[in-house]
Amino acid sequence: METESEPYVRLASLRQLHQVMADMNTARSLADTLQSVADGAVGALGYEMAAVNLVRQDGDLVVAAFSGNSAAESLITGRVGSRDSWDRRLNMGEQWGDLVFIPHTEGWVLDDDDVPQWYTDGPAPRFEDEWHPSDRLFAPMYTPGVQGGSSGELLGVISVDRPRNGRRPGAWGREALQMYAFQAAIAISNARLRANMQRALVRLERDQQALRASEESFRQAFEYAPSGMAIAEMGGDQHGRILRTNDALCRLLGRPASAMRRYSFSDLVHPEDIGTLLRTSAEGGRAELRLGRRDGSYVWVSLRNSVVADAADGPRFLLTHVEDIEERKRRELQLAHRASHDSLTGLPNSAELRSRLSSRLCRRQAQPGVLESLDAAYGHPAFDAPTGHGFDFAQGGEAFDGFDHHVHTSAPEDGRDDGTKGLAVLFCDLDGFKSINDRFGHNAGDAVLIEVARRLSRGVRDGDTVARLGGDEFVILADGLGKADAQDLAVRLRNEIIQPIRAEGRAVRVGASFGIGWAHCGMTADEVLKSADERMYVEKRSRPKQHRRAG
């Protein structure tokens, strides 16, 4: 991760980090989870070596997993460091949020303590932020509390050595490691919980005496689990009805336990996520979906089912583990928004514009013989003879999308306004913008672009798209317009843009040239944009230069 330039990080790197977090949350055992945590710090965060030091019942920490160097792994895996020595380390050095960084100038005092450690050879740093072979970086992991973060007890410590780029982690690298340690603590806690529950279930199936002995242990594991838990009926007419919930789930949904017993999960799930819930297997099923809170809002959760048998041949129930993933989903949405929107104006960017435009267009193409096969398969012509509209064929070997749900996009004919409504594409280019950048600087130019974006967004209807194509070029997608409507819209938007704009303490003006193109099925997004662009330049050249910009 640290090979990326901050604060800009490639989406591929974030996907890799997300995949690592998903892997450690789906590991089958506690040992696999611990190894996934160590491997992820090396593979996704970019450190050369990483160790997971886990707190034992006696309070000391054991090296439970190691990644990055087989020689160091065989040297220190399974070795134990005292809690006093670890507390000393975590209370010295520099505090980077929840992280602890001990520079080589201070770490020499730790060389002789009993914490298992390794040394890497390398030259002395040549500049201030270069990693020294004796630098130490620790990421404590705490049991998840109600508020998250470090409110719980120490669960363990992830220790890492030397980022691959040779530099001390910057702001993004530190935050990534801190978030990773937080997620690792949840994964390890959940792995322990699953292990405890599985052991409890084995005991439940042996005999009635073992059932009674383990019942209290299971109750406590259920009631005091840091994430939501529920028991529901399995099979029959009441399948999925909630029988019992723990406090964590009640707090998460803002509903008392007595009220929860009136529902099944299908009653609480967001309407758009019903299909996801139904596709989740009853045994070992997992899904990410939204559950309704008492106040009417929804929260993203990860839902996992396990089967609990009341006795060897008795009724079976669903044990559902509900984990709050609202924060992760929020970050994913933010990342997706950044990837599809212009960072300056907040408008959809060029890629998002083409995606929205392409989604309205179908390619009416097929290989010879395909249409005849479709006629035979579906019992009607693949293309409607008068219009040529029918099945839509995707590019690149993907499946076609050509059933009745697609509304084909048509355009008014050139030369006359026959009342046809279509998808208008208005290509807007600012006049006089370069002179503002040249005279008053790029800050003034940015202020103008932001204000123009605001005025364009204010001047269109709900559902229309205003996008920044790049530089001082904007594009508006407005569906359901006739030729006169589109021309009126262009005039209104131009009149909005030419009003004075405050930039860097002064009033400036820009003009705007609009070209109106029309999208219809059979065209590509680039063809539509090129058509509107060409019409814009025709319109720009048709007006005298002195009339292109007001003021």
Side-chain angles (χ1 to χ4, degrees), residues 342 345 347-364 387-389 406-433 449 451-499 510-544 547-550:
D342 176 48
T345 63
L347 295 178
N349 60 18
S350 174
E352 177 67 11
L353 169 68
R354 285 174 166 80
S355 175
R356 295 188 186 186
L357 184 53
S358 297
S359 69
R360 292 296 315 278
L361 305 174
C362 63
R363 300 291 290 167
R364 298 193 301 275
T387 64
H389 293 165
H406 181 80
V407 179
H408 288 275
T409 301
S410 58
E413 296 184 10
D414 289 335
R416 63 191 181 92
D417 189 353
D418 57 359
T420 301
K421 304 291 185 180
L423 176 58
V425 181
L426 283 68
F427 198 109
C428 172
D429 181 82
L430 300 184
D431 301 325
F433 176 74
L449 292 174
E451 178 59 21
V452 168
R454 188 187 68 82
R455 293 181 182 184
L456 289 174
S457 300
R458 185 180 61 190
V460 300
R461 305 164 302 176
D462 291 341
D464 292 344
T465 293
V466 179
R468 184 185 178 198
L469 193 60
D472 60 347
E473 295 177 336
F474 298 84
V475 173
I476 297 95
L477 304 182
D479 203 2
L481 298 186
K483 294 187 67 175
D485 300 327
Q487 291 166 356
D488 289 344
L489 176 60
V491 171
R492 291 200 309 273
L493 294 178
R494 181 184 295 114
N495 290 338
E496 284 288 329
I497 292 174
I498 65 176
Q499 301 302 317
V510 292
S513 297
F514 282 84
I516 303 175
W518 297 92
H520 59 81
C521 288
M523 299 178 69
T524 66
D526 286 336
E527 289 171 346
V528 175
L529 294 174
K530 181 180 179 182
S531 173
D533 187 19
E534 291 172 348
R535 293 172 187 260
M536 182 275 296
Y537 276 107
V538 170
E539 195 269 347
K540 184 188 287 283
R541 288 193 294 268
S542 68
R543 292 186 291 126
H547 293 158
R548 294 178 191 170
R549 179 170 60 90

Measuring only between side-chain heavy atoms, which start at C-beta, is [X] closer than 4.5 Å to [Y]?
X    : Y    : result
F514 : L493 : yes
R535 : F427 : no
L489 : L426 : yes
E496 : L456 : no

Donor-acceptor contact below 3.5 Å, side chain [X] vs main chain [Y]:
X    : Y    : answer
S355 : A351 : no
R468 : G471 : yes
R494 : A512 : yes
D488 : D485 : no
R455 : Q499 : yes

Start with the C-alpha gap between R461 and D464, add the side-chain angles, then the distance that decides, and say whether salt bridge (Lys or Arg N to Asp or Glu O under 4.0 Å) holds. CA-CA 6 Å; R461 305 164 302 176; D464 292 344; 3.0 Å; yes

Salt bridge check: are E527 and K530 linked by an N-O gap of less than 4.0 Å? no

Nearest heavy-atom pair of [X] and [Y]: which atoms, and what distance?
X    : Y    : value
L347 : S457 : CD2-OG, 3.5 Å
D429 : K540 : OD2-NZ, 3.0 Å
P348 : V466 : CD-O, 3.0 Å
F474 : A453 : CE2-CB, 4.2 Å
A486 : A424 : CB-CB, 4.1 Å
A525 : L361 : N-CD1, 4.2 Å

Assess the side chains of S513 and D431: does a donor N or O sit below 3.5 Å from an acceptor N or O? yes

When you check the side-chain N and O atoms of T465 and R356, is any donor under 3.5 Å from an acceptor? yes

